[in-house]
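Report on the structure given below.
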Amino acid sequence: MADQADGTRTGSSAARPGLRLLRSFRYAGTGLITLLREQANARIHLLATILVVGAGLLLNVQRSDWLILLLCIALVWVAEALNTALEYLCDATVEEQHPLIGKAKDIAAAGVLIAAAISALAGLLVLLPYL
């Protein structure tokens, strides 16, 4: 697959499976770097992730508690990534402000807020008994 000037990707479906897999990981890595460079909220999520993982290690949390923490971390990161992707797609599709685009962006942002709030509550419920 090759990137075109317009940002789309082209390529033969006959490419070796291992090569396709490596390319998909490269594209995902590029997306993660873009997310962290361009989205302040992603950097806040990164700090929260580091703090939660650090607290879990210091407090020697049990395996079942790690599962809860890791699922919550993943939920927030996935929500943030999908929200960002939707924002970029909306911005590329319509140059002027459109009320439905605004609603879509607001709802996607609300999804991130819900994921982060519930995850913070779950984190407190998991970690507080260890303190």
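Note that the numbering runs from 1 along the sequence shown for the chain.
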How long is the gap from CZ on Arg23 to CZ on Arg16, to the nearest 0.5 Å? 9.0 Å
Quick one: do Ile50 and Leu36 end up in the same hydrophobic cluster if we chain Ile, Leu, Val, Met, Phe, Trp and Tyr together by side-chain heavy atoms under 4.5 Å apart? yes
Hey, any chance Leu86 and Ile101 share a hydrophobic cluster, counting ILVMFWY side chains that come within less than 4.5 Å of each other, even indirectly? no
One should read off an interatomic distance between Thr93 OG1 and His98 NE2, to the nearest 0.5 angstrom, of 11.5 Å
Can you hop from Tyr27 to Leu32 via hydrophobic side chains spaced under 4.5 Å? no
Spacing of CD belonging to Glu38 relative to CZ belonging to Arg43, to within rounding of 0.5 Å: 9.5 Å
Counting distance only, does the side-chain N/O of Ser119 pair as donor-acceptor with the main-chain N or O of Ala116 below 3.5 Å? no
Under a single-linkage definition using a 4.5 Å side-chain heavy-atom cutoff for Ile, Leu, Val, Met, Phe, Trp and Tyr, are Leu75 and Leu35 assigned to the same hydrophobic cluster? no
Could you go through the side chain to side chain contact (heavy atoms under 4.5 Å, CB included) check for Trp66 and Leu57 one step at a time? CA-CA 10 Å; Trp66 270 116; Leu57 291 171; 3.9 Å; yes
Set of residues satisfying side chain to side chain donor-acceptor pair (under 3.5 Å) with respect to Gln39, sequence neighbours excluded: Tyr88
Give the C-alpha distance, both sets of side-chain angles, the deciding distance and a yes or no for side chain to side chain contact (heavy atoms under 4.5 Å, CB included) between Leu127 and Leu69. CA-CA 9 Å; Leu127 295 174; Leu69 294 174; 4.1 Å; yes
Kindly say whether Val126 contributes a backbone atom to a donor-acceptor pair with the side chain of Asp65 at under 3.5 angstrom? no
In one Ile/Leu/Val/Met/Phe/Trp/Tyr side-chain cluster, 4.5 Å: Trp77, Leu51: no
For the pair Leu82 and Val112, evaluate side chain to side chain contact (heavy atoms under 4.5 Å, CB included) and give the outcome as yes or no after the intermediate values. CA-CA 9 Å; Leu82 292 174; Val112 177; over 6 Å; no
Between Leu131 and Leu128, is the side chain to side chain contact (heavy atoms under 4.5 Å, CB included) condition met? List the steps. CA-CA 5 Å; Leu131 295 176; Leu128 281 179; 3.9 Å; yes
Value for CD (Glu80) from CD1 (Ile44), rounded to nearest 0.5 Å, stands at 9.0 Å
Distance from Leu113 atom CG to Ile118 atom CD1, nearest 0.5 Å? 9.5 Å
Compare every heavy atom of Ala108 with every heavy atom of Asn83, then report the nearest pair and how far apart it is. OD1-CB, 3.1 Å
NE2 of His45 to OG1 of Thr49: how many Å apart, nearest 0.5 Å? 8.5 Å
Look at the side chain of Tyr130 and the backbone N and O of Gln62, then say whether any donor-acceptor pair between them is shorter than 3.5 Å. yes
